[in-house]
Amino acid sequence: MSFFWFLFFSAHFAIATSLVQLEDNDLRHKLSGMHLSLYHVTSLDPSLTSNSKSPISYSDIFNKDQDRVRYIQSKLANKVDVKSSDRTLGPKLVSTPLKSGLSIGSGNYYVKVGFGTPPKFSSMIVDTGSSLSWLQCKPCAVSCHPQVDPIFDPSTSKSYKTLPCSSTQCSSLKASTLNDPGCSTSTKACVYKASYGDSSFSIGYLSQDVFTFAPSYTIPGFVFGCGQDNQGLFGRAAGILGLANDKLSLIGQLSNKNGYGFSYCLPTSFSSPNSSKEGFLSIGTSSFPPSSSFKFTPLIKNPKIHSLYFVDLSVITVAGKPLGVAASSYKVPTIIDSGTVITRLPMSVYTALSNSFVKILSKKYPQVPGFSILDTCFKGSLKDLSSAVPEIQIVFQGGANLALKPENTLLEIEDGTTCLAIAGSPEDNPIAIIGNFQQQTFTVAYDVANSKVGFAPAGCQ
């Protein structure tokens with residue numbers, strides 16, 4: 001699912017203008033660390049997975065994934081100077097369950113969080129590439145897509161309010177969304193405009209309300225978008241929970257209270273789409289467990305996109321042997337991203353990886369034609385190939401690494417066809433993105449205050 005934010009005014013000018021001119025329809029009502037379970041979107045709607053091994057089309061997932069990657073590449077090719085402010089550490093931690101999202105048409109992960117007083121809980125896709133959080137809101141003045149939870153109704157919240165065009169938060173939208181805010185002609189409420197690489201978009205009122213991250217942890221005055229026109233490929237999630245390095249993101253708004261950092265563990269999804277396995281999302285700097293197996297690599301500031309999490313890629317090994325490529329081949333912008341599914345590597349690195357992989361596996365399992373963006377495929381099931389698959393290690397500056405298990409390496413596209421779940425990026429605009437498929441079961445800790453990100457194995461199943 002292409003959940004990386006990019007906001008452009010011209011493509012949706014007519015839609016935004018019509019929304020700004022709408023009456024508010026009674027939308028102007030008055031209205032420590034954290035740990036949540038994290039789920040893949042598969043578990044949102046079991047009916048979508050009960051009769052098939054693959055709950056949604058891999059072609060759809062890969063197409064959305066490719067749109068996201070193309071957008072990130074386009075932003076890196078053109079300077080977008082959007083700065084984020086520094087934060088200080090804090091002592092608190094809260095967490096929530098994090099689950100797989102395949103069942104609602106997404107290769108990403110979701111949490112259940114509440115908005116309003118009393119809180120109404122919604123399934124929100126977690127995205128490290130998004131700054132502004134938003135969810136669909138009644139009266140859905142233009143359009144709302146189907147979602148598994150009841151659509152949030154601001155009129156039922158005692159603490160809800162829209163933010164005026166004159167507010168500092170409205171002024172911050174340009175930096176957070178790369179688009180100028182609008183202003184309602186009737187109520188002077190601030191209007192956000194958000195769009196994604198796959199042409200999905202959300203437009204609505206910039207709002208504040210009580211945010212319930214966990215049953216015992218609420219945040220008053222949380223700033224988010226209350227979407228009145230939401231169209232595109234969001235699956236059946238209620239909206240997006242932004243975790244980018246930006247002051248309007250979830251971690252940006254909680255940094256003074258919880259410390260500027262977060263961690264998560266993504267549970268396995270594609271190998272067991274009907275599973276109820278859950279991971280976690282923890283907010284706060286105390287979410288980084290002391291462990292000898294936990295290794296960090298520096299976060300790198302990229303002048304073109306300040307809100308994403310860049311690192312330096314050092315080397316990739318297959319069965320303990322480094323790929324036979326020049327060190328300079330790894331010197332491309334490299335991003336850790338929860339919203340991209342399949343890892344992308346510079347084409348020269350990917351080609352060397354594919355060749356090494358084929359050399360080992362093709363001795364027992366014949367190659368078969370590729371599928372979509374995956375072109376290194378074999379005849380055999382994931383279970384069959386798992387015993388023969390060589391370990392791939394993705395190593396970052398300072399020695400932090402992801403030692404990939406078969407479940408992080410191979411994807412069974414259909415019965416009897418299994419592919420290497422890594423793809424190449426074009427040579428004319430090379431980029432490396434470490435996608436969520438390769439991050440599964442690792443605890444990934446973003447210590448933004450100290451400019452580093454770390455990995456530890458076996459954080460969840």
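The chain is numbered in sequence order, starting from 1.
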(message) Quick one, Ser157 with Asp209, criterion side chain to side chain donor-acceptor pair (under 3.5 Å). Give me CA distance, side-chain angles, the key distance, then yes/no.
(response) CA-CA 8 Å; Ser157 174; Asp209 209 337; 2.8 Å; yes
(request) Verify side chain to side chain donor-acceptor pair (under 3.5 Å) between Ser381 and Asp384, making sure each step is shown before the conclusion. (result) CA-CA 5 Å; Ser381 67; Asp384 293 337; 3.0 Å; yes
(request) Could you give me the CA-CA distance, side-chain angles and deciding distance for Ile433 and Ile72, then say whether side chain to side chain contact (heavy atoms under 4.5 Å, CB included) is met? (result) CA-CA 10 Å; Ile433 303 176; Ile72 294 174; 3.9 Å; yes
(message) Is there a side chain to side chain contact (heavy atoms under 4.5 Å, CB included) between Leu241 and Val111? Walk through the geometry before answering.
(response) CA-CA 9 Å; Leu241 197 62; Val111 293; 3.7 Å; yes
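One side chain, Tyr192 or Ser202, offers a donor N or O that lies under 3.5 Å from an acceptor on the other. Side-chain N/O atoms of Gln393 and Glu391 include a donor and acceptor closer than 3.5 Å. At a cut-off of 3.5 Å, with distance as the only test, a side-chain donor of Asn436 or Asn108 sits close to an acceptor on the other residue. Residues Asp149 and Ser123 bring a donor and an acceptor atom of their side chains to less than 3.5 Å of each other. A donor-acceptor pair shorter than 3.5 Å can be found between the side chains of Asp447 and Asn450. Counted by atom type alone, Asn245 and Tyr260 present one or more donor-acceptor pairs between their side chains at under 3.5 Å. Judged by distance alone, the side chains of His145 and Gln231 never bring a donor and an acceptor atom under 3.5 Å apart. In summary, the side chains of Ser143 and Asp229 do not present any donor paired with an acceptor at a separation below 3.5 Å, with no hydrogens or angles considered. Between the side chains of Gln147 and Gln136, a donor-acceptor pair is found at a separation under 3.5 Å. Using modelled atom types, one finds a donor on one side chain and an acceptor on the other under 3.5 Å when comparing Lys247 with Ser172. For the residue pair Glu412 / Thr418, no side-chain donor-acceptor distance below 3.5 Å is found, with atom types taken as modelled. Under 3.5 Å, the side chains of Tyr264 and Gln439 contain a donor-acceptor pair of N or O atoms.
Below 30°, between 30° and 60°, or above 60°: for Tyr58 and Phe62 the angle between ring planes is below 30°, a parallel geometry. Using cut-offs of 30° and 60° for the angle between ring planes, the Phe224 and Phe152 rings count as perpendicular. Ring pair Phe378/Phe357 is tilted by interplanar angle, where 30° to 60° counts as tilted.
Taking both residues in full, the closest heavy atoms of Ala421 and Leu374 are given as CA-CD2, 4.1 Å, listed atom of the first, atom of the second, then distance. The nearest pair of heavy atoms linking Cys144 to Asn230 is SG-ND2, 3.6 Å. Minimum interatomic distance between Gly320 and Pro322 (heavy atoms only, all atoms of both residues): O-CD, 3.9 Å.
Sorted by first and then second residue, the salt bridge (charged side-chain N to carboxylate O under 4.0 Å, His left out) pairs with a member in residues 344-369 read Asp65-Arg344; sequence neighbours excluded. Sequence neighbours left out, the pairs with a member in residues 366-379 that pass side-chain hydrogen bond (donor to acceptor under 3.5 Å, both in side chains) are Tyr350-Asp375, Tyr350-Thr376, Ser354-Thr376.
Within the 4.5 Å cutoff, the side chain of Leu313 has no heavy atoms near those of the Val332 side chain. Using a 4.5 Å heavy-atom cutoff, the side chains of Ile240 and Leu132 are not in contact. By the 4.5 Å heavy-atom criterion applied to side chains, Val311 and Tyr309 are not counted as neighbours. Ser207 has its side chain out of reach of Pro154: every pair of non-hydrogen atoms, C-beta onward, lies at least 4.5 Å apart. By the 4.5 Å heavy-atom criterion applied to side chains, Val223 and Leu206 are counted as neighbours.
Arg70 and Asp67 are joined by a salt bridge, as a carboxylate oxygen and a charged side-chain nitrogen come within less than 4.0 angstrom of each other.
Between the side chain of Gln440 and the main chain of Phe437, a donor-acceptor pair closer than 3.5 Å is present.
Phe121 does not carry Lys112 over the face of its six-membered ring by the limits of under 6.0 Å from the centre and within 45° of the normal.
Taking the six-membered ring for Trp and the full ring otherwise, Phe455 and Phe442 have centroids separated by 6.0 Å or more.
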